[in-house]
Engineer: 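Let me give you the structure first, and then I'll get to my questions.
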Amino acid sequence: MIGTKSEKNSEGNELPAAFVDANVFVYAFLKPTRKLQPHETSVKEAAKKIVERISAGEEVDCSVVHFSEVCNILEYYLPFEQALVLEKGLLLRKNIHICEVTQDDYLNAVSIAEQYSVGLNDALAYALMKRAESAKIYSFDKHFDCFKDVERLTK
């Protein structure tokens with residue numbers, strides 16, 4: 001399910017949950033193998049704060065595709081058992097809503113990718129957000145800035 005309602009606007013109407021991009025979890029969970037540059041440190045700290053809010057119960061949407069991206073990266077860089085613990089923890093959270101993706105979703109994303117010159121999975125996130133009527137995404141990927149009807153959140 002995507003488009004879960006979480007926040008309320010000033011009129012008291014529920015708003016769709018923000019979509020969370022894979023890079024938020026990756027930046028938050030991976031331990032650096034080198035000294036980070038100051039801007040990298042600030043991104044990592046911001047990602048940790050976002051994940052802390054999600055851990056505290058903030059409702060977010062994600063797709064099975066973006067979750068799979070997280071899993072692939074965690075399993076590559078972390079000990080396998082540690083990666084599985086993190087993955088299971090994310091899957092069991094009731095406030096992280098992981099939606100399925102259809103072939104039609106990807107076909108829609110191809111058109112978006114061509115129109116905006118963005119990667120297919122970024123276009124997929126946008127397509128899913130539009131379907132859910134969500135206008136916010138947690139992401140450190142500046143490609144989302146090309147979508148004028150989306151607010152990219154980095155804090």
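Only heavy atoms go into these numbers, but all of them, side chains included; no hydrogens, no water, no symmetry mates. None of these values were measured; they are calculated from a predicted model.
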Engineer: Please report the interatomic distance CD1(I98) to CG(L90), rounded to the nearest 0.5 Å.
Structural biologist: 7.0 Å
Engineer: With side chain to side chain donor-acceptor pair (under 3.5 Å) as the rule and sequence neighbours excluded, what pairs involving residues 144-155 come up?
Structural biologist: Y126-D149, K130-D149, D145-R152
Engineer: Filter on salt bridge (charged side-chain N to carboxylate O under 4.0 Å, His left out), then keep only pairs touching residues 34-46, sequence neighbours left out; what's left?
Structural biologist: R34-E40, E45-K48
Engineer: Output the distance between atom SG (C99) and atom NE2 (H66), rounded to the nearest 0.5 Å.
Structural biologist: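 The SG atom of C99 sits 9.0 Å away from the NE2 atom of H66.
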Engineer: Side chains of residues 22-32: which donor-acceptor partners sit under 3.5 Å, not counting sequence neighbours?
Structural biologist:
from	atom 1	to	atom 2	distance (Å)
N23	OD1	F140	N	3.2
N23	ND2	D21	OD2	3.3
N23	ND2	S139	OG	3.4

Engineer: At what distance, to the nearest 0.5 angstrom, does CG of L124 lie from OG of S63?
Structural biologist: 5.0 Å
Engineer: Any ring pair (Phe, Tyr, Trp, His ring centres under 6.0 Å) involving residues 37-65? Give me the pairs, sequence neighbours left out, ordered by first then second residue.
Structural biologist: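 Matches after skipping sequence neighbours: none remain.
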Engineer: Transitively linked via ILVMFWY side-chain contacts under 4.5 Å: V85 with I54?
Structural biologist: no
Engineer: Residues sharing F80's hydrophobic cluster, by side-chain heavy-atom contacts under 4.5 Å among ILVMFWY, directly or via others?
Structural biologist: L84
Engineer: Given side chains that start at C-beta, do those of V64 and S68 come closer than 4.5 Å, heavy atoms only?
Structural biologist: no
Engineer: What residues form a ring-ring contact (aromatic ring centres under 6.0 Å, His included) with Y106, not counting sequence neighbours?
Structural biologist: none
Engineer: Please tell me whether E58 and N95 have a donor and an acceptor in their side chains that are separated by less than 3.5 angstrom.
Structural biologist: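 No - no donor-acceptor pair under 3.5 Å links their side chains.
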Engineer: Report the C-alpha separation of L120 and V110 in whole Å, then their side-chain angles, then the decisive distance to 0.1 Å, and conclude whether the side chain to side chain contact (heavy atoms under 4.5 Å, CB included) test is met.
Structural biologist: CA-CA 6 Å; L120 189 58; V110 168; 3.7 Å; yes
Engineer: Tell me which pairs pass salt bridge (charged side-chain N to carboxylate O under 4.0 Å, His left out) where either residue lies in residues 103-119, with sequence neighbours left out.
Structural biologist: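 Salt bridge (charged side-chain N to carboxylate O under 4.0 Å, His left out) check on residues 103-119 returns D105-R131.
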Engineer: Tell me the salt bridge (charged side-chain N to carboxylate O under 4.0 Å, His left out) pairs involving residues 74-95, sequence neighbours left out?
Structural biologist: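 Non-adjacent pairs meeting salt bridge (charged side-chain N to carboxylate O under 4.0 Å, His left out): zero.
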Engineer: Looking at S134 and P16, would you say the former's side chain and the latter's main chain have a donor-acceptor pair under 3.5 Å?
Structural biologist: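 Not a single qualifying donor-acceptor pair exists.
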Engineer: Nearest 0.5 Å, what's the CD1-CZ distance between I137 and F19?
Structural biologist: 6.0 Å
Engineer: Identify the heavy atoms of A113 and A123 that sit nearest to each other, and give their distance.
Structural biologist: N-CB, 3.6 Å
Engineer: Would you say Q82 and Y77 are linked by a side-chain donor-acceptor pair, where the criterion is simply a distance under 3.5 Å?
Structural biologist: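 Judged by distance alone, the side chains do not pair up.
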Engineer: As an exercise, state the distance from OG1 of T102 to CG of L128, rounded to the nearest 0.5 Å.
Structural biologist: 8.5 Å
Engineer: What verdict does the ring pair (Phe, Tyr, Trp, His ring centres under 6.0 Å) test give for H143 and Y116, after you've listed the backbone C-alpha separation in whole Å, the side-chain angles of each residue and the deciding distance to 0.1 Å?
Structural biologist: CA-CA 9 Å; H143 287 114; Y116 289 95; over 10 Å; no
Engineer: If Ile, Leu, Val, Met, Phe, Trp and Tyr residues are connected whenever their side-chain heavy atoms lie under 4.5 Å apart, and connections chain through other members, are L78 and Y76 in the same group?
Structural biologist: yes
Engineer: Under the side chain to side chain contact (heavy atoms under 4.5 Å, CB included) criterion, do V118 and F144 qualify, and how do the steps go?
Structural biologist: CA-CA 8 Å; V118 297; F144 287 104; over 6 Å; no
